[in-house]
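What follows is one structure encoded as C-alpha cells, with my remarks underneath.
Positions are given from 1 along the sequence. From a predicted model like this one, the values you see are computed outputs, not experimental measurements. Start at 1 and go down the list; that is how both ligands and their atoms are numbered.
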Amino acid sequence: MNVRVGSGHDTHRLVAGRPLILGGVRVEYPKGLDGHSDADVVLHAVTDALLGAAALGDIGDLFPDTDLANRDADSRIFLAAAMEKLTAAGWRVGNLDVTVFAQEPKLGPVKAAIRARLAELLGVPADAVSVKAKTGEKVGHIGRGEAIGCHATVLIAKTGHG
Ligand code: MG
C-alpha cells in the first residue's frame, strides 16, 4: 500500500460582524473570522493537508484570493475540489487529525459536530477523524482572542497499482 502524510495550517483574524464557521459548522459567538472567503480556518487547513499529502499544490493555487468569485465563498467548495483531485489521482483518505487553536469560544460543545461534518465531507467514518481544541494560554494573537488557528494532519492511501 502506498501511503502519504500531509499537513496544513491556517490562521484568520477574529472580527465583529462576521459569522463564525469552523469545519463547516456555524458556531454561536459575537465575532467571526475575517477573510476573502467564509474564512473557515479548519476547512482551509484540512484542504491544504489533503493537497499537501498528494503534492497537488495549495489552496491558494486552486482558489486565488484575487479571484472575486471566491469572495465569501463557502469553504466546503475548496475542500470538495481538493477531494475531487485526490480521488481522480487514486487516493483515498485514511484518517484526519485536527487541532483548533482558540482562546474563545470554548469549543468543547461543538467538537463532535465539527468531527461529524469533517467525516461527511471527506467520506470517511467518524472514527477516522479527530478534532482537538487548545487555547492560546492567553498569550500571542490567539491567546488574546484576536485570531483562531488550525493545524491539520492527514494520511492518504492508494491501494492496488499505481
Ligand atoms: Mg485561510
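Within His44, the N, O or S atom at minimum distance from the Mg ion (ligand 1) carries the name ND1. Nearest N, O or S atom of His12 to the Mg ion (ligand 1): atom NE2. Shortest distance from the Mg ion (ligand 1) to Asp10 is reached at OD2 (N/O/S atoms only).
A 6.0 Å sphere centred on CZ of Arg71 holds no more than 12 heavy atoms belonging to other residues, nucleotides or ligands.
Looking only at atom types and distance, the side chain of His12 has a donor-acceptor partner in the side chain of His44 under 3.5 Å away.
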Enumerate donor-acceptor pairs with a distance under 3.5 Å from any side-chain N or O in residues 115-134 to protein atoms, sequence neighbours excluded.
| from | atom 1 | to | atom 2 | distance (Å) |
| --- | --- | --- | --- | --- |
| Arg115 | NE | Ala126 | O | 3.1 |
| Arg115 | NE | Val129 | O | 2.7 |
| Arg115 | NH2 | Ala126 | O | 3.1 |
| Arg117 | NH1 | Gly24 | O | 2.5 |
| Ser130 | OG | Asp97 | OD1 | 2.8 |
| Lys132 | NZ | Asp97 | OD1 | 2.8 |
| Lys132 | NZ | Asp97 | OD2 | 3.1 |
| Lys132 | NZ | Thr99 | OG1 | 3.0 |

Indicate every side-chain donor-acceptor pair of residues 78-85 with a distance under 3.5 Å to a residue at least two apart or in another chain.
none

